[in-house]
Amino acid sequence: MLSMKNINEFLGGRIFNLAELEQSELEDLISLGSQIVSATFKKNNKLFCRRCLMEIRKLPIEFQYCRNCINLGKIKVNDRLVITPTDVKYPIQSNYLVWDGQLTTNQQKGVRELLRAFDKKQDHLVWAVTGAGKTEMIFPLIEQALFKQQRVAICSPRVDVCIELFPRIQQVFPNTSVGLFHGKSEENYHLTQIMLATVHQLIRFEQAFDVLIIDEVDSYPLAGNKMLHQAITKAKDNQGMIVYLSATPPKELLIAVSKHQVTLTKLYQRFHGHPLPEPRCHLLLKQLEFLGINPRLRSKLTQLIKNGQRFMLFFPQIPIMKSFAEKLHKLYPLLNFVTVSSKDQHRLEKVQQFREQKVQAILTTTILERGVTFKKITVIVLAAQAKEFSKTSLIQIAGRAGRGKDSYDDEVHFYYQYYNDQIRLACAEIDYLNRQAKS
Ligand SMILES: [Zn+2]
């Protein structure tokens, strides 16, 4: 028999491979209303996996299996899946949201539009410039869902975004169960009324959430990933809704808006009412590391360091960052700085050190292009012409600056060897958004 604690690790629209369950677990899950289904289904003469909804292509081996979702455990074509029930009774509270912040007029309009979409079970996109305060806008929406005894998932393709959001959500919904689950989390999945997770985790769910909020919908690895996009739709309850949040929404989503499949809220203004900092562009005639650090850049760095101004340096690749870090250390031995990348296990602690002003500078790849908020910083992109810096990426990076009410005019600098489309388009879009905010 499963204990209550263990049952919670199974419930809530989870998909299991029957072959991996013990007989007693299976009996318990069936008695609680789980369904048993075939692991595959046929459509147009093709075979598909029920868990990840991708096509299973035939391999020249005896036992065919789904290679698409193999990371979550092997599903063979003759396997059966167990899908656990979602009809859970959550504790009723008289008050769910504990938050005394103020929403701006623009945010209030966004909230009204979100709640209207919620009533209609209508998928909705919030297109909000960086620093517009989109997280606060979802609080009233989540509150409504909780009042209706519904279940909410807040997901992002980026684990850092989930980790940043988790304490904020816990804080404003202090008496609601909130879980954070991702590939690297130490916590095992268990049923909670609010779930924060990477989009990948949704592959393990079917019709599980009434409100599914996808933050940073345009970011890697969700952008253009069919399996993850299908996982989102599959994890949503038939009677539910999806909310997409983005400062730089992908084309497909804007097409869905134009076809009225998705409704839209636009927020051009930051919460403090000041415009987005416009990047200043600098052509470096010589290499970045010319004479150690290119003199044009060096004079800027010297000035920042002398003034005790905190700064972020963005690099297109880890090796370029590492090499630059050595030069930086040689030229400014007294400067305290950290470097972070996706490969860095201590990334979160280092980001915290920068936030707490224990170091003056942070050198980073695009891993910190979004989801992080610092105040009073100068943002510098090096080798802005590199292919790793897409237009979207440059807009997001520039959006790290000017987030504080008292430092809305933080500087943003793009340094490059040559000017190209992505730099031009990013600057043009920031300018456009600022003009829209004024009108
Ligand atoms: Zn699969």
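In each ligand, atom 1 is the first atom listed, and ligand 1 is the first ligand listed.
- Side chain to side chain, T176 and Q93 meet the donor-acceptor criterion of an N or O pair below 3.5 Å.
- Using a 3.5 Å distance cut-off with no hydrogens or angles, the side chains of T192 and R151 do not pair a donor with an acceptor.
- With no hydrogens or angles considered, no side-chain donor-acceptor pair links T84 and R14 at under 3.5 Å.
- Residue pairs meeting the ring pair (Phe, Tyr, Trp, His ring centres under 6.0 Å) criterion with at least one partner in residues 95-121, sequence neighbours excluded, are Y96-F147, W99-F139.
- For Y189 and F205, the distance between ring centers is under 6.0 angstrom.
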Evaluate the side chain to side chain contact (heavy atoms under 4.5 Å, CB included) criterion for residues L394 and V381: first the C-alpha distance (whole Å), next the side-chain angles of each, then the deciding distance (0.1 Å), finally the verdict. CA-CA 8 Å; L394 290 172; V381 181; 4.0 Å; yes

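- Counting only distances under 2.8 Å, and ignoring water, the protein N, O or S atoms around the Zn ion (ligand 1) are C49 SG, C52 SG, C66 SG, C69 SG.
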